[in-house]
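Here is the structure we will look at, set down as structure tokens.
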Number of protein chains: 2
Amino acid sequence: MGRQQRAVRTRRVILEAAAAMFNDFGYDATTIGGLIERTRLTRGGLYFHFASKEQLARAILDETSALRPVPPQPLKLQEWVDMALLLGYRLPRDPLLGATVRLSVDLRARALFGTRWPQWTDAGEELLCAARDRGELLGHVEPAEVARLLTASWAGIRLLDEALPDGELCTQFAVFLELVLPNIACPGVLAKLDTSPHRAAALDRAT
Amino acid sequence: MGRQQRAVRTRRVILEAAAAMFNDFGYDATTIGGLIERTRLTRGGLYFHFASKEQLARAILDETSALRPVPPQPLKLQEWVDMALLLGYRLPRDPLLGATVRLSVDLRARALFGTRWPQWTDAGEELLCAARDRGELLGHVEPAEVARLLTASWAGIRLLDEALPDGELCTQFAVFLELVLPNIACPGVLAKLDTSPHRAAALDRAT
């Protein structure tokens with residue numbers, strides 16, 4: 001493994017460890033000292049990548065707000081569904097994604113960095129607007145409102161799941177989609193949408 | 001005003017001030033000293049009601065988890081809608097309600113006190129089960145799943161609204177109900193449901 005490749009891997013290890021600590025302890029209680037203990041890196045090794053806790057938090061927020069676009073589909077609404085399914089699938093698997101929710105509801109972190117909710121809502125709105133322009137949506141649907149509701153429900157589902165981990169995250173996203181889609185999609189479009197949770201694993205490999 | 005009445009009022013003043021501080025600064029950063037400054041009570045006056053910050057947090061959580069029942073309606077599903085409308089209406093008006101969400105997503109407070117999400121979900125599930133038993137729901141509806149989704153979305157809507165206060169809380173709850181109800185209620189029931197945000201103010205006076 002070359003030096004650059006090793007550096008990329010170390011950077012990822014640090015980000016994932018910091019994300020796990022933000023998730024478990026919150027922003028204030030996470031310290032560089034604790035992170036060094038967790039990653040078993042030297043102080044210099046860590047500072048080579050990140051100069052401060054602030055930089056770590058920003059890097060996590062930036063990384064997850066740059067949502068990788070979902071693969072193109074014949075129906076734009078399917079792409080919106082795919083975005084929701086993928087987020088649900090990755091949330092328990094990607095500590096950076098969980099830390100993004102945590103940092104966004106943490107008062108101190110929010111005051112320092114804001115949230116990335118607007119980017120998430122914009123990404124959903126863009127797909128829903130494209131779906132509307134192609135005649136896939138029912139007439140009453142307001143893309144901005146529905147996109148914001150998805151972001152809010154997504155965050156709420158995650159936060160409830162953290163506190164009451166008896167449910168299945170994927171199932172709860174599926175419940176959301178099943179309840180909401182029939183009142184968003186034109187009937188002909190609805191029949192063609194694939195909302196099965198199995199779809200998410202395949203999408204994850206494809207993006 | 002009698003001594004007892006005055007004590008009840010002072011207790012409420014303290015709870016609302018503590019709730020506002022939990023909302024603004026989080027659990028850890030809220031202190032009894034700060035609360036004394038805010039309420040202009042003496043230390044003894046405050047300790048007469050609450051012995052510690054823990055007790056204050058518990059009292060707020062207990063008070064808001066004892067959701068006042070909504071007035072009975074010919075349709076049980078209307079009572080579920082009314083519960084959702086009332087929560088949306090009271091959230092920006094009742095600091096205790098906001099503090100309940102804050103304390104439930106605050107890692108330290110959650111570790112100490114747990115959350116009241118189960119009570120909220122149970123209250124919704126009970127109404128939805130009663131609605132199902134009366135034939136008001138479509139056949140595929142799982143009361144437990146829908147009740148949990150309402151709690152999650154409700155919490156998420158609140159948390160997004162805190163961060164992006166450009167939206168109207170009431171509108172966002174209405175969007176949720178409008179998107180979800182057509183896929184929950186039997187058509188004959190749906191036509192009779194009143195989901196207008198104006199309804200909430202009247203309900204608030206009635207409960």
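Each chain gets a letter, A, B and so on, in the order the sequences are listed, and its residues count up from 1.
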B/Glu162, CD: over 12 other non-hydrogen atoms inside 6.0 angstrom: yes

Are the side chain of B/Asn183 and the backbone N or O of A/Glu178 linked by a donor-acceptor pair below 3.5 Å? yes

Listed by number, the residues in residues 22-37 of chain B that come under 4.5 Å of chain A (heavy atom to heavy atom) are B/Phe22, B/Asn23, B/Asp24, B/Phe25, B/Gly26

Take a 6.0 Å sphere around CD of B/Glu16 and say whether it holds more than 12 heavy atoms from other residues, nucleotides or ligands. yes

Might you work through the side-chain contact (heavy atoms from CB on, under 4.5 Å) test for B/Val175 and A/Arg148, ending with a clear yes or no? CA-CA 10 Å; B/Val175 170; A/Arg148 183 160 169 150; over 6 Å; no

Please flag which part of B/Leu149 lies under 4.5 Å from any non-hydrogen atom of chain A: side chain, backbone, both or neither. side chain

Enclosure of B/Arg12 CZ (heavy-atom neighbours >12, cutoff 6.0 Å): yes

What's the separation between atom CH2 in A/Trp117 and atom CG in B/Leu160, rounded to the nearest 0.5 Å? 6.0 Å

A/Ala152 to B/Ile157 - nearest heavy-atom pair and separation: CB-N, 3.6 Å

When the 4.5 angstrom heavy-atom criterion is applied to B/Ile184 and chain A, the contacting part is side chain

Relative to chain A, which segment of B/Glu142 carries a heavy atom at a distance below 4.5 Å: side chain, backbone, both, or neither? neither

Which one, A/Arg158, A/Glu145, A/Arg102, leads in non-hydrogen pairs under 4.5 Å with chain B? A/Arg102

Is there any residue in residues 107-114 of chain B with a non-hydrogen atom under 4.5 Å from a non-hydrogen atom of chain A, and which ones are they? B/Leu107, B/Arg110

Max heavy-atom pair count under 4.5 Å with chain A, selected residue of B/Ala163, B/Ser104, B/Pro118: B/Ala163

